[in-house]
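Values reported hereafter were calculated over all heavy atoms of this structure, with side chains retained and with hydrogens, waters and symmetry mates removed. Sequence lines set the chain letters: A, B, ... in the order given, protein chains first and strands last, and positions in each chain run from 1.
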2 protein chains.
Amino acid sequence: MLIIGEKLNSARKQVREMIENRDVKSIQDLAKKQVEGGAEMLDVNSSAASGDKEENMEWLVKTVQEAVDVPLCIDSPNAEEIEKGLEVYNWDKGKALINSITGEKEKIDRLLPAIVKYKCAVVALVMDERGIPDNSKTRVEIAKKLIKVLTDVGVPLKDIFIDPLVVPIGTSDKNGLVTMETIKSVKEAHPEVKIVTGLSNISYGLPERKLINQVFMILTMGCGMDAAIIDSTDKRMMAITKTAMTLLGEDNFCSGYIQAYREGKLTFEIK
Amino acid sequence: MLIIGEKLNSARKQVREMIENRDVKSIQDLAKKQVEGGAEMLDVNSSAASGDKEENMEWLVKTVQEAVDVPLCIDSPNAEEIEKGLEVYNWDKGKALINSITGEKEKIDRLLPAIVKYKCAVVALVMDERGIPDNSKTRVEIAKKLIKVLTDVGVPLKDIFIDPLVVPIGTSDKNGLVTMETIKSVKEAHPEVKIVTGLSNISYGLPERKLINQVFMILTMGCGMDAAIIDSTDKRMMAITKTAMTLLGEDNFCSGYIQAYREGKLTFEIK
């Protein structure tokens with residue numbers, strides 16, 4: 001299970017301001033805190049900050065990479081920002097993951113040359129010109145199309161991360177199941193392909209969002225999810241993720257679980 | 001999801017003593033507390049108490065049924081105790097579930113007449129003369145055999161509860177997966193048959209057992225589990241169960257989740 005820290009995202013007001021103010025210390029502290037919490041990769045997104053978009057991404061990638069040694073997930077809806085991130089990326093810190101392409105032809109065509117040039121890993125969202133399908137069948141069809149497009153230009157299956165997409169459960173009570181079914185079907189058809197998603201959208205509009213996000217994390221892990229973009233500074237989220245890995249047979253002799261316990265990472269006082 | 005309260009079990013020293021001392025108040029308080037916590041059925045097991053086995057079960061069933069209106073899961077390794085429980089059971093409080101038969105021929109033959117006579121629901125464990133299989137394939141074979149034996153004497157599929165069995169993850173790191181695979185395979189072959197299990201065995205010998213039990217509850221619910229024998233007085237366990245039901249599409253318009261939130265059942269203070 002690959003944990004990708006979600007917090008360096010300009011959709012969050014504090015982070016947007018840190019980028020706009022070129023606040024090196026705050027960005028680097030947030031990067032370090034996420035890695036200390038257990039993130040093995042950090043998502044970086046600067047697209048909501050004002051100013052020159054490409055300069056923002058360049059500054060963010062360089063600033064984060066100065067502080068931590070984990071690879072980055074370069075996250076933007078704009079191809080230009082992603083390309084700038086790849087251009088300035090320090091490849092000594094591991095392979096970059098770009099987030100994302102979709103089934104939209106224009107978007108694919110725009111980013112494919114950079115994917116080929118940099119040999120980066122790629123997040124592919126299961127949506128296209130029609131929007132986000134409300135059923136897993138269509139999402140799986142788009143996933144298959146995206147896997148073909150990427151493998152045709154030489155991207156190995158292990159570098160393809162399909163995002164099954166998460167739509168708030170508050171808008172339809174089947175939305176959790178649609179994501180889960182998409183994960184299972186894609187993994188069944190392509191066991192080598194990875195599944196990644198940002199989970200917290202599931203709880204949008206409902207109370208006690210962390211509780212929903214934590215339970216959905218476990219349910220999606222049970223379906224075969226390989227990576228998640230989550231808050232790695234949330235101790236309970238990290239504890240249940242570790243516990244789920246143990247229960248899913250990914251922890252020889254429960255040694256990771258016992259080590260986490262000894263480090264005090266599994267214990268909570270609850271009133 | 002059917003929640004079966006686990007606490008009225010003579011394997012627990014306090015309960016054993018309550019039974020031996022014919023402590024009506026303590027037994028009835030424990031029964032009420034579990035129902036207030038959300039149990040929709042209570043497991044009752046008196047077999048570890050000293051004294052006359054059948055008298056103990058008779059007293060326990062009558063004492064519990066005087067206090068609460070939920071049906072009971074009559075739990076014993078001894079056929080005589082189960083039969084006594086069925087004999088004195090108040091059927092106005094819903095159908096009794098007996099716990100359990102196994103694939104052992106002698107055990108099946110001994111209990112089948114009572115199952116036919118009382119038309120009770122039945123828990124069937126996926127083990128036989130060879131013990132507990134260490135793989136899901138053999139467990140599923142035993143499940144299929146048990147389903148055939150029970151349906152042949154007229155037990156409807158909906159009254160058959162297959163227990164996929166839970167062996168501690170501390171003894172083999174694949175033990176969680178074996179249970180999960182057994183659940184999925186049995187549900188795929190027989191969607192009408194129910195799956196029930198006691199989960200807490202999974203965490204035996206490891207620290208922070210509640211954390212493991214809670215995560216395993218969610219993972220097994222994701223595999224299609226219908227009922228679980230758990231501690232319904234554990235507020236976090238009940239909160240995550242409610243949340244998992246919502247995410248699994250069993251909660252129209254999230255109304256159960258929102259109601260639980262309004263009743264303060266989802267909120268915890270965590271240090």
Side-chain angles (χ1 to χ4, degrees), chain A residues 168-181 184 199 202-203 205-223 234-236 239-258 260-262 265-271, chain B residues 168-181 184 199 202-203 205-223 234-236 239-258 260-262 265-271:
Chain A
I169 188 85
T171 62
S172 160
D173 32 49
K174 301 299 175 215
N175 281 341
L177 285 177
V178 171
T179 299
M180 291 171 67
E181 284 161 10
K184 282 188 274 192
L199 290 166
I202 192 72
S203 58
L206 286 171
E208 298 297 330
R209 292 190 62 179
K210 281 189 177 188
L211 179 66
I212 299 175
N213 297 348
Q214 288 164 7
V215 173
F216 199 52
M217 177 76 178
I218 302 171
L219 287 172
T220 50
M221 285 178 74
C223 295
D234 176 342
K235 286 184 180 176
R236 182 167 281 271
I240 61 151
T241 300
K242 173 69 69 184
T243 306
M245 286 171 68
T246 300
L247 288 167
L248 289 167
E250 295 172 28
D251 181 17
N252 283 339
F253 304 109
C254 304
S255 54
Y257 181 86
I258 291 165
Y261 170 72
R262 288 188 180 142
K265 290 180 178 167
L266 304 180
T267 310
F268 305 92
E269 284 186 42
I270 302 169
K271 281 192 191 173
Chain B
I169 188 85
T171 61
S172 159
D173 30 49
K174 301 298 175 217
N175 281 342
L177 285 177
V178 172
T179 300
M180 290 171 68
E181 284 160 10
K184 282 188 275 192
L199 290 166
I202 191 74
S203 58
L206 287 171
E208 297 297 329
R209 292 191 61 179
K210 281 189 176 189
L211 179 66
I212 299 175
N213 297 348
Q214 288 164 8
V215 173
F216 199 51
M217 177 76 178
I218 302 171
L219 286 172
T220 50
M221 284 177 75
C223 295
D234 176 343
K235 285 184 181 175
R236 182 167 281 273
I240 60 150
T241 300
K242 174 67 70 182
T243 306
M245 285 170 68
T246 300
L247 288 167
L248 289 166
E250 295 173 28
D251 181 15
N252 283 340
F253 305 108
C254 304
S255 54
Y257 181 86
I258 291 165
Y261 170 71
R262 288 187 180 144
K265 290 180 177 166
L266 304 179
T267 310
F268 306 93
E269 284 186 44
I270 302 167
K271 283 191 189 175

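Annotation: Lys174(B), atom NZ; neighbour count of heavy atoms from other residues, nucleotides and ligands within 6.0 Å is above 12. The environment of Lys235(A) atom NZ is sparse: at most 12 non-hydrogen atoms of other residues, nucleotides or ligands sit within 6.0 angstrom.
Counting heavy-atom pairs closer than 4.5 Å to chain A, the top-ranked of the candidates Pro207(B), Gly222(B), Cys223(B) is Pro207(B). The candidate from Ile169(A), Leu247(A), Leu206(A), Leu266(A) with the greatest count of non-hydrogen atom pairs under 4.5 Å with chain B is Leu247(A).
The shortest side-chain heavy-atom distance between Gln214(A) and Ile218(B) does not fall under the 4.5 Å cut-off. Side-chain contact between Arg236(A) and Arg236(B) is present, with heavy atoms from C-beta onward closer than 4.5 Å.
The nearest pair of heavy atoms linking Ile212(A) to Thr243(B) is CA-CG2, 3.7 Å. Shortest non-hydrogen contact noted between Leu177(B) and Gly249(A) is CD1-CA, 4.1 Å. Heavy atoms only, all atoms of each residue included: Cys254(B) and Asp173(A) are closest at N-OD2, 4.4 Å. Of all the heavy atoms in Leu211(A) and Ile240(B), the pair that sits closest is CD1-CG2, 3.9 Å.
Among residue pairs with one or both ends in residues 247-257 of chain B, those qualifying as side-chain hydrogen bond (donor to acceptor under 3.5 Å, both in side chains) are Thr246(B)-Asp251(B); sequence neighbours excluded.
Of the two parts of Phe216(A), the backbone and the side chain both hold a non-hydrogen atom closer than 4.5 Å to a non-hydrogen atom of chain B.
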